[in-house]
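As structure tokens, the structure follows; a few thoughts come after it.
Only this structure's heavy atoms are used, side chains among them; waters, hydrogens and symmetry mates stay out. In what follows, chains carry the letters A, B, and so on, assigned in the order in which the sequence lines appear, proteins first and then strands, with residues in each chain numbered from 1.
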Amino acid sequence: MNYKDTLNLPKTAFPMKANLVKKEPEMLERWESIDLYKLIRQSSKGRKRFHLHDGPPYANGHIHMGTAFNKVLKDIIIKSRQMAGFDAPYVPGWDCHGLPIEHRVDGELGARKKEMSQAEIRGFCRRYAEKYIDIQRNEFKRLGVLGEWDNPYLTMNYPYEATIVREFGKFALNGSLVRSKKPIYWCISCKTALAEAEVEYDEHSSPSIFVKFPMISDLDQLAPVLKGKQVSMIIWTTTPWTIPANLAIALHPGLKYAAVETGDNEVMILAEGLLDLCMDTFGIETYEVLKLFKAAELENLEARHPLYDRPSKIVLAPYVTLEAGTGCVHTAPGHGREDYETGLKYHLETYSPVDDLGCFTPDVEYFAGMEVFEANEAVKDKLSEVDALIKEEEITHEYPHCWRCKKPVIFRSTKQWFISMEKNDLRKNALDAIRKVSWIPSWGEERIFKMIANRPDWCVSRQRSWGVPITVFFCNECDEPVITQEIIDHVSNMVEQSGADIWFTKSEKELVPPGTRCPNCGADRFRKETDILDVWFDSGVSYAAVMENREYLDSPADLYLEGSDQHRGWFHSSLLCSVGTRKEAPYKGVLTHGFVVDGAGKAMHKSSGNVIAPEELIKSYGAEILRLWVAGEDYRDNIRLSKEILQRLTEAYRRIRNTCRYLLGNLNDFDWETDQVPYTEMEELDRWALNQLQGLNGRVLKAYKDFNFHLVYHNLHNFCVLDLSSFYLDIIKDRLYTSPKKSAARRSAQSVMHEILETLVRLMAPVLSFTADEIWQYMTGKERPLSVHADLFLPLNEEYRDTELAERWEGIISVRKEVTKVLEIARKEKRIGHSLDASVELGLSSELAEKLAPYVDQLRSIFIVSSVDLAEIDQVEGGFESETVPGLKVKASPSSDPKCERCWIHDPSVGDDKNHPNTCKRCRNVLDEIMH
RNA sequence: GGGCCUAUAGCUCAGUCUCGGUUAGAGCGCACGCCUGAUAAGCGUGAGGUCGUUGGUUCAAUUCCAACUAGGCCCA
């Protein structure tokens, strides 16, 4: 007789092989067909809301690993909060306006662009953005991210654009908006001002020149020794073209400056600490220090500009260093931020005689009309001609470049619109608001605090086409800016109807509300501002356009979640917009994650060749593995990604999947409603398993709550491996397989397996969204929602907790560990193969014997051996004395009993019955029961 | 150059912060073996760590402090 047929072996159609790459799209189709997102929304109506407000990715190009990571992390949070009992809607968004798209469109249009209107160009930009929104939407959905994909928010939607106009209007009307000349980054190729975020630093070769500025002020009093000598301040600069705009020379207030005679009656003044280095650079071998000045002694004295007949004031500034140059810093307030601030302090003009194209204005003697980078050479020549150039060379250094065209940018002063950080206490209020937000990790608070504390006014104007216009008019008569509530209302309503294009297509007459007159001079003819708003303002008001606007959303949101770069990006602009108009932050919590780096911890760059695209990862591993990676990595630090990591994750995935498959297989004949065994009637081992399950459930639920997803992953995996696979499931195999189908012993184990599976499938769902739902389809018994994602986590079940029991089993498990060690030794010696070949003899101290006494009958199955005999420790001869469990001696030997062909246990009862000569008594009883 | 952050086995993470103190844990991977009734599965045993480096505080530091190195983000 083939006894295998009399066993209850696991049976399930749930495939062992995941085949994720093929199966995931099928699951996605299923989610579409049952309209899963809507189903979840309906099922959670009226629950407490949880709002994670999506930071809009830029609608340009395919998604990369960072965007994929970010979206999946959000999805895990949404799903876990949803399953924790919240109503957690998710409205994804896209950032649509801005330079990058305009540049791409520029490139595609080429020369045609010149014949096109601004509105036509904007049309191309809009279509470009739409194209990539579609692409990215599909890519995000492919990752298993659930959300309101058919109604996302787009910063270029007309109502959104209208919101931008209205929020901008609030700043304009409350006096925060100021127009002033300030040095800003300017790309002479793109002809636009650039935000700090729009420049990137790269190697650049610049001329490095040392220039003499002869002293005008008389130093005779201060230093009689200099009387009658040709004294000059020596400056160093790497931007010769800014020399024509020089208005000052900055010294460090704490440094000493040396007056050095270099021969021919010439005296140079430069920092004492750089003296030798400079002399060496200049090739001057003999020189003599005549006098040391404190910087303060020279403050407010004047040198003469080397080219023009005007003074250059000596000023003090803390940023002067001895890193390079002479310690005397050439200062052009119109061409540098620090220079500008120093200029303000000393009441110098913000002089910036350079036009939009980067050419000197006509009033600049010698260089009028020259492009600044080209003028470097001319400036050097002229300086040389007047004998002011001491030394020139080329140096390579980090220099700001335009983030789009990659060309070097300049600092130039133009009239721009700024949101003042001080006028309405924006800085102070923002700093206060930061303190009320929960920052995860906590250091995010310090980071953004310092940024807000130190940032300059926010330059919100851009000289481009693809964006929301700054809806300000200027009076044709007096040139004063005109902005009123009526204008904002009028224009924003038009924008709401027809989009921001109307600013470019309609005339001033149509855009201005009828009857508008200049408040300054009473004129009624205006011209419109042509600048557009910084795109950071667009996304910065998303709380108003989305969270406040949709009735099923609330503001402030519970959580904003982006990469740590957004402390200066979206978290920052959103904070300023919201605090400036509502006096509070738009978020209650902010979570930041690190950046995706390669296996060695290095940033992913095209040039490094270490970039992994989400697409290829999905193609070879499946989105589920990507999701597991997102959960498994600690996002606070850099997030590493490598082949090895993916390989490890795949193994872990298989283990979790197989564990669930095994549970399904053993539950195939189990109906919870009719077959469940009450907790109190369960075997102790089964109750132990339920206790462990509660521990897991508690830990994982807490990990979800605290956003510690790597703990979710490790806990789930460890539970499957340690508690289940290698212990509980291994031990109960005998019971499950050999007992009668409907026996209490088997049903008890099945009841536990059922509870485990019900808990596991939910706990894994936010991370392993595809697999959990796949398992869900194979689960029977109760009536359940169409998808696990529409269900809730199981609450902690206090009945299943028994800490005393767990402690007792700690002891048993430690003994079991010793037994397996001894079995392994016997196996090495070829005395046994399978552990069931062995008989085990335990020598016990009286203390240990007492602990194990209640389990005498179970030890055999717990150890998965054929027999266990207990004896006093001294009476066991030979054997292995445990080091970790005091009072324990273990001896293993091959069982001398015959092996039961059915249950494979060696037992003396085998052979007692002629009808079943190769089975044990226990199995014969089962067989009898089955046969009748 | 400045701000913020990170550094524990080949990989992913615990522990250290709020108590500094006996042989620093887990899983995976690896090596070796078992099983063939979870089977392109399952089980067992074992080898892997001067807790980034150097100083300091202390009777004692992976844990506290500082500097440095490497890496990341942001800024200049």
Side-chain angles (χ1 to χ4, degrees), chain A residues 3-12 16-17 196-197 199 201 319 321 323-324 336-338 398-400 441 443-451 453-455 563-569 572 592-603 628-629 631-634 636-640 642-652 654-655 657-666 708 710-711 713-722 725-727 729-730 733-734 736-738 817 819-828 830 832-837 864 883-884 902-904:
Chain A
Y3 292 114
K4 188 171 172 178
D5 298 337
T6 71
L7 297 173
N8 315 304
L9 296 177
K11 204 178 131 192
T12 177
M16 175 180 283
K17 202 166 181 302
E196 288 116 290
V199 299
Y201 285 76
Y319 52 81
T321 70
E323 294 288 323
R337 196 162 110 192
E338 289 172 328
E398 293 283 296
Y399 189 85
W443 46 256
E445 177 170 343
E446 200 54 21
R447 186 167 180 181
I448 194 167
F449 188 93
K450 289 199 170 167
M451 284 178 181
N454 296 318
R455 68 156 297 148
S564 62
D565 57 332
Q566 297 303 323
H567 284 113
R568 182 157 287 271
H572 193 112
T592 51
H593 55 78
F595 273 64
V596 177
V597 295
D598 69 12
K602 298 264 173 70
L628 197 57
W629 164 71
E633 295 268 328
D634 185 349
R636 292 168 194 82
D637 198 356
N638 293 331
I639 303 134
R640 292 190 186 217
S642 68
K643 263 213 143 127
E644 177 171 12
I645 291 170
L646 290 167
Q647 207 56 52
R648 294 296 89 83
L649 287 164
T650 305
E651 306 283 345
R654 275 213 291 266
R655 173 52 76 105
R657 181 183 179 88
N658 261 330
T659 304
C660 293
R661 178 173 184 266
Y662 185 70
L663 294 171
L664 281 171
N666 281 294
N708 286 324
H710 59 290
L711 299 183
Y713 160 70
H714 280 282
N715 273 293
L716 282 175
H717 186 237
N718 275 356
F719 182 73
C720 287
V721 173
L722 294 173
S725 210
S726 77
F727 188 72
L729 296 181
D730 208 21
K733 271 175 196 165
D734 175 66
L736 285 167
Y737 298 172
T738 65
K817 279 186 179 148
V819 171
T820 55
K821 264 183 215 165
V822 173
L823 290 175
E824 186 61 21
I825 294 167
R827 198 172 281 133
K828 279 259 150 69
K830 301 283 178 199
I832 62 164
H834 195 284
S835 62
L836 282 177
D837 297 342
I864 318 182
E883 286 170 21
T884 52
R902 183 165 179 274
C903 70
W904 293 347

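Nucleotide B/A31 is matched to B/U45 when pairs are restricted to Watson-Crick or G-U wobble geometry with both distances under 3.5 angstrom. Across all strands shown, B/A38 forms no Watson-Crick or G-U wobble pair with both distances under 3.5 Å. Checking B/U18 for Watson-Crick or G-U wobble geometry (two distances, each under 3.5 Å) identifies no partner in any strand. B/U12 is paired with B/A26 under the Watson-Crick or G-U wobble criterion, all donor-acceptor distances under 3.5 Å.
For B/A38, its base never sits under 3.5 Å from the side chain of A/Thr12 at any donor and acceptor pair. Between the side chain of A/Arg568 and the base of B/C75 there is no donor-acceptor pair of N/O atoms closer than 3.5 Å.
Residues A/Glu824 and A/Lys821 are not paired through a salt bridge, judged by the lack of any N-O separation under 4.0 Å between the basic side chain and the carboxylate. The residues A/Arg648 and A/Glu644 are annotated as salt-bridged, a charged nitrogen and a carboxylate oxygen being separated by less than 4.0 angstrom.
A/Asn658 comes within 4.0 angstrom of a nucleotide base, judged by non-hydrogen atoms across all strands. Contacts of A/Arg657 with the nucleic acid, taken as non-hydrogen atoms under 4.0 Å apart, are absent. When heavy atoms are screened at a 4.0 angstrom cut-off, A/Gly594 is found touching no nucleic acid atom at all. Within 4.0 Å (heavy atoms only), A/Arg655 reaches sugar-phosphate atoms of the nucleic acid but no base atom. Across all strands shown, A/Gln647 has no heavy atoms under 4.0 Å from either base or sugar-phosphate atoms. Here A/Glu651 lies in heavy-atom contact (under 4.0 Å) with sugar-phosphate atoms only. Counting any heavy atom pair closer than 4.0 Å across all strands shown, A/Leu7 reaches a base atom. Within 4.0 Å of A/Ala652, counting heavy atoms only, lies no atom of the nucleic acid at all.
Between A/His834 and A/Trp904, the two ring planes are perpendicular [angle over 60°; tilted spans 30° to 60°].
For B/G48, the O4'-C1' to base torsion is within 90° of 0; the nucleotide is therefore syn.
Between A/Arg661 and B/U39, a side-chain N or O to OP1/OP2 separation shorter than 4.0 Å is present. At the phosphate of B/A38, OP1 or OP2 sits under 4.0 Å from a side-chain N or O atom of A/Tyr737. The shortest distance between the side-chain N/O atoms of A/His710 and the OP1/OP2 oxygens of B/A14 is below 4.0 Å. Listed pair A/Ser564 / B/G72 fails the phosphate criterion, with no side-chain N or O lying under 4.0 Å from OP1 or OP2. For A/Lys733 and B/A38, the shortest distance from a side-chain N or O to OP1 or OP2 is below 4.0 Å. Applying the 4.0 Å criterion to OP1 and OP2 of B/G3, one finds that A/Lys450 has every side-chain N and O outside that range.
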Polar atom pairs (N or O), protein with nucleotides 30-34 of chain B, under 3.5 Å:
| unit_1 | atom_1 | unit_2 | atom_2 | d |
| --- | --- | --- | --- | --- |
| B/C34 | OP1 | A/Lys830 | NZ | 3.4 |
| B/C34 | O2' | A/Gly833 | O | 2.9 |

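When the P atom of B/U8 is taken as reference, atom CZ of A/Arg636 falls 16 Å away, rounded to whole Å. B/C28 atom P lies 12 Å from atom NE2 of A/His714, rounded to whole Å. Atom P of nucleotide B/A70 and atom CG of A/Asn638 are separated by 16 Å, given to the nearest angstrom. Computed from coordinates, the A/Met451 CE to B/C5 P distance equals 12 Å when rounded to whole Å.
Taking atom P in both B/G37 and B/U50, the straight-line distance is 44 Å, to the nearest Å. Between B/C17 and B/C28, the distance separating the two P atoms is 29 Å to the nearest Å.
Checked by atom type and distance alone, the side chain of A/Ser642 never pairs as donor or acceptor with a backbone atom of A/Asp598 at under 3.5 Å.
A distance cut-off of 5.5 Å between ring centres, combined with a plane angle under 30°, places A/Trp904 in a stacking arrangement with the base of B/G37.
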